[in-house]
Number of protein chains: 2
Amino acid sequence: MVDPLTFDSRLARILTVAAKVFAGKGFHPTTMRALSRETEMSLAGIYHYVSGKNELLYLIQQRCFSAVLAGAERALADGHGPADRLERFIRHHVGFFASHMSEMKVLAHEADSLDGVRLADINGLKRRYVDLLRTLVADLDDNSPKGDPQVAAYALFGMMNWIYTWYHPDGPISPDALADRFAQLFLSGVIAPSPSTAPQGD
Amino acid sequence: MVDPLTFDSRLARILTVAAKVFAGKGFHPTTMRALSRETEMSLAGIYHYVSGKNELLYLIQQRCFSAVLAGAERALADGHGPADRLERFIRHHVGFFASHMSEMKVLAHEADSLDGVRLADINGLKRRYVDLLRTLVADLDDNSPKGDPQVAAYALFGMMNWIYTWYHPDGPISPDALADRFAQLFLSGVIAPSPSTAPQGD
DNA sequence: CGACCATTCGAACGTTCGTTCGGTAAGGAA
DNA sequence: TTCCTTACCGAACGAACGTTCGAATGGTCG
């Protein structure tokens with residue numbers, strides 16, 4: 001009888017568990033023995049699926065980054081106007097973050113834990129992702145270069161990525177509500193007239 | 001002749017060097033042997049000043065956090081009005097960050113690398129600092145509880161603290177300019193009417 | 001002088017780490 | 001049956017780690 005679980009599905013399970021452990025106590029303090037305990041697999045058995053601890057981190061980051069990037073491009077596809085597209089990006093990023101907390105925390109917090117070509121590969125994805133947001137920000141006001149869109153893009157990324165230090169998706173604030181608040185904050189600021197007093201222009 | 005360097009000043013030098021190394025390659029990957037190389041002191045010699053690697057991290061975080069906290073309270077002392085006080089906080093935080101990059105990166109990035117009473121102590125300082133900013137944000141609009149000031153405060157912290165991943169104080173953007181941009185972004189958003197029609201107010 | 005203390009160090013100790021080695025068990029193909 | 005491949009594991013290896021030990025130095029004080 002053939003094993004009903006494929007190699008890939010079992011690798012994926014290992015990556016999911018590893019992402020949780022990495023997110024919980026950090027990449028470097030996590031030992032392969034801890035992963036073998038958590039995956040209920042022998043220490044040596046893990047090496048049948050990955051070449052080592054670094055590849056584990058690389059695969060987590062590579063798959064996660066590819067997924068956010070593809071998801072963002074999909075979410076932007078049918079956006080109408082610069083502001084709408086930016087809002088869609090924010091909503092997708094926050095939503096993806098909230099539903100893939102461990103992987104995204106590993107992506108954000110262990111960005112420099114790889115080296116060599118693996119780091120270069122992940123940084124390539126990062127550059128594409130940052131460029132995407134910077135373009136969206138720049139498109140907001142084409143003719144008034146008052147502020148560096150790159151700075152604004154990084155500010156927005158900071159706002160969103162920092163949530164791994166304080167936000168709990170199961171708490172009182174839903175990911176959607178958080179995304180809405182972030183979009184409002186970034187577009188209009190804190191002291192923006194709340195929509196309740198009805199400042200809507202259209 | 002008495003050594004012109006005091007115990008405290010030499011400890012401070014060790015902490016400065018250690019903060020640089022921790023910021024460069026992370027707390028856990030940094031070895032005591034690397035610190036002994038960087039401080040030009042023997043491996044065992046370091047243990048004359050600190051009890052171990054964890055205390056090194058603790059002292060860096062404790063001193064740095066106490067300094068930002070005290071500095072912020074000083075900066076706020078003679079502020080006029082909620083918006084002005086918030087702007088002063090931002091300016092101080094970004095300015096302090098830029099002039100103490102290594103320590104602040106260690107503070108932000110190694111927030112969970114301590115444990116026990118040391119972690120609890122640092123978290124106590126963090127709570128005071130976060131509470132301070134949340135109060136400033138809440139004071140902006142007393143009577144319209146449209147948005148959770150805690151969320152806005154965390155968003156602002158994310159915006160500011162994330163700079164350790166991309167900002168270089170010696171680059172084209174001065175810390176003052178960055179703080180101005182952040183204040184403008186947080187208060188009015190990206191699409192705020194720029195003061196470009198009359199940028200110079202005085 | 002001798003006793004003391006602060007400072008520094010080379011060398012080692014014990015532990016833990018990532019990884020590898022050599023093997024077992026089982027299913028499919030011949 | 002035999003042979004090959006996949007999946008998995010217990011045990012060990014070598015390296016690196018944080019920390020400690022015992023001693024040396026040099027200045028101060030009595």
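The structure displayed is predicted, hence computed values, not measured ones. Note that these values count all heavy atoms, side chains included, but never hydrogens, waters or copies made by symmetry. To find a chain, count down the sequence lines: A is the first, B the second, and so on, and within it residues start at 1.
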| message | B:Arg134 vs B:Asp131, test: salt bridge (charged side-chain N to carboxylate O under 4.0 Å, His left out). Steps then yes/no. | response | CA-CA 5 Å; B:Arg134 198 202 35 220; B:Asp131 279 355; 3.2 Å; yes
| remark: When rounded to whole Å, the CD to P distance for the pair A:Glu55 and C:dT19 reads 10 Å
| said: Under the criterion salt bridge (charged side-chain N to carboxylate O under 4.0 Å, His left out), I'd like the reasoning laid out for B:Glu38 against B:Lys20: C-alpha separation, chi angles, the key distance, then a yes or no. | reply: CA-CA 10 Å; B:Glu38 231 52 48; B:Lys20 260 184 199 100; over 6 Å; no
| remark: B:His93 and B:Asn161 have their tightest heavy-atom pair at NE2-OD1, 2.8 Å
| task | Rounded off to whole Å, could you give me the CG-to-C1' distance for the A:Leu11 and D:dA7 pair? | result | 14 Å
| request: Quick one: sort the A:His92 and A:Phe96 rings into parallel, tilted or perpendicular, breaks at 30° and 60°. | output: tilted
| task | Could you please spell out the steps behind the ring pair (Phe, Tyr, Trp, His ring centres under 6.0 Å) verdict for B:Tyr167 and A:Tyr154? | result | CA-CA 9 Å; B:Tyr167 178 65; A:Tyr154 277 130; over 10 Å; no
| remark: Whether each nucleotide of nucleotides 17-22 of chain D has a protein heavy atom under 4.0 Å at its base (B), only at its sugar-phosphate (S) or at neither (-) is summarised, 5' to 3', as BBBBB-
| Between C:dC5 (C1') and B:Phe7 (CZ): distance, integer Å | 14 Å
Name each donor-acceptor pair under 3.5 Å that joins a side chain in residues 66-83 of chain B to protein atoms two or more places apart or in another chain, with its distance.
unit_1	atom_1	unit_2	atom_2	d
B:Ser66	OG	B:Gln62	O	2.8
B:Ser66	OG	B:Gln62	NE2	3.3
B:Asp78	OD1	B:Arg88	NH1	3.4

| message | What is the separation between atom CD1 on B:Ile14 and atom P on C:dT7, rounded to the nearest whole Å? | response | 11 Å
| field | Parallel, tilted or perpendicular: ring planes of A:Trp162 versus A:Tyr164, cut at 30 and 60 degrees | value | tilted
| Distance in angstrom units between A:Asp8 CG and D:dT6 P, rounded | 14 Å
| Think B:Arg10 has a side-chain N or O under 4.0 angstrom from the OP1 or OP2 of C:dA6? | no
| query | For B:Phe27, is the NZ or CZ atom of B:Lys53 found under 6.0 angstrom from the centre of its six-membered ring and inside 45 degrees of the ring axis? | reply | yes
| task | Write out the stems for DNA chain C, ordered by first number and formatted as range with range, counting runs of at least 3 consecutive Watson-Crick or G-U wobble pairs under 3.5 Å. | result | C:1-30 with D:1-30
| Does a side-chain N or O from B:His48 land closer than 4.0 Å to OP1 or OP2 of C:dT7, or not? | yes
| task | Take the protein atom CZ of B:Arg37 and the nucleotide atom C1' of D:dA16, then report the distance between them rounded to whole Å. | result | 13 Å
| For the residue pair A:Phe157 and A:Tyr129, does the interplanar ring angle fall in the parallel (under 30°), tilted (30 to 60°) or perpendicular (over 60°) class? | tilted
